[in-house]
Amino acid sequence: MCLAVPGKVLGIEERDGTRMASVDFGGVVKEVCVEYLPDLQVGEYAIVHVGFALQRLDEESARRTLELFETLGMLQEEFGDPWEQAARAAQPEAGEVRQ
């Protein structure tokens, strides 16, 4: 399932002519295109779908939605556990030797 998830904008910069933002989704930070919301500011919340910020959202609604998604296990399904992903990435592949 691919959700539209609320996230908090941590930083905005222009990359190759495109406005991009670091967005925090309840502890998971992803890079998001914010071209559709040209006046979106750091500290604000937005609904994000497939890497694009689509709509500004108030903080209370964002927090309630994130809490509900977390309770239902939907954030885990959407993003996975970042610690588990990092641990898997750090493990060598079969036959691979890391120094």
Side-chain angles (χ1 to χ4, degrees):
M1 179 187 313
C2 197
L3 300 172
V5 180
K8 182 177 183 178
V9 177
L10 301 176
I12 298 174
E13 65 181 68
E14 188 168 316
R15 282 193 226 136
D16 299 321
T18 302
R19 246 177 126 234
M20 298 295 291
S22 295
V23 178
D24 179 4
F25 300 96
V28 176
V29 178
K30 299 278 187 180
E31 294 300 306
V32 171
C33 177
V34 293
E35 284 290 317
Y36 295 143
L37 300 173
D39 59 342
L40 188 66
Q41 300 293 316
V42 171
E44 292 184 311
Y45 288 80
I47 299 274
V48 177
H49 182 63
V50 293
F52 291 87
L54 301 176
Q55 181 178 351
R56 183 177 283 102
L57 186 65
D58 66 274
E59 183 175 357
E60 179 60 27
S61 295
R63 288 186 189 279
R64 282 195 327 253
T65 302
L66 285 170
E67 287 171 8
L68 177 61
F69 283 0
E70 186 174 350
T71 299
L72 296 173
M74 297 172 90
L75 289 179
Q76 180 78 11
E77 181 180 321
E78 187 72 12
F79 296 121
D81 180 341
W83 298 110
E84 182 181 309
Q85 290 173 358
R88 266 199 315 266
Q91 293 176 356
E93 297 288 326
E96 179 184 25
V97 176
R98 291 195 180 171
Q99 297 181 12

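Computed from a predicted model, the values in this text were never measured in an experiment. The analysis underlying the following values was restricted to heavy atoms, covering all of them including side chains, and did not include hydrogens, waters or symmetry mates.
- A heavy-atom distance below 4.5 Å is found between the side chains of Phe25 and Val32.
- With Arg63 as reference, Glu59 is the one residue of Glu59, Glu67, Glu60 to meet the side-chain hydrogen bond (donor to acceptor under 3.5 Å, both in side chains) rule.
- A pairwise comparison of heavy atoms in Leu66 and Pro6 identifies CD2-O, 3.4 Å as the closest pair.
- The shortest distance between side-chain heavy atoms of Val28 and Lys30 falls below 4.5 Å.
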Table please: side-chain donor-acceptor pairs of residues 33-42 below 3.5 Å, with sequence neighbours left out.
from	atom 1	to	atom 2	distance (Å)
Glu35	OE2	Arg19	N	2.5
Asp39	OD1	Arg56	NH2	3.2
Gln41	NE2	Asp39	O	3.2

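- Here the closest non-hydrogen pair linking Ala21 and Val9 is CB-CG1, 4.1 Å.
- Under the side-chain hydrogen bond (donor to acceptor under 3.5 Å, both in side chains) criterion, Asp16 pairs with no residue at all, not counting sequence neighbours.
- Criterion: ILVMFWY side-chain heavy atoms under 4.5 Å apart, direct or through other members. Under it, Tyr45 and Leu54 are not part of a common hydrophobic cluster.
- Residues Val5 and Thr65 are not in side-chain contact: their nearest non-hydrogen atoms beyond the backbone lie 4.5 Å or more apart.
- With sequence neighbours excluded, no residue satisfies side-chain hydrogen bond (donor to acceptor under 3.5 Å, both in side chains) with Asp24.
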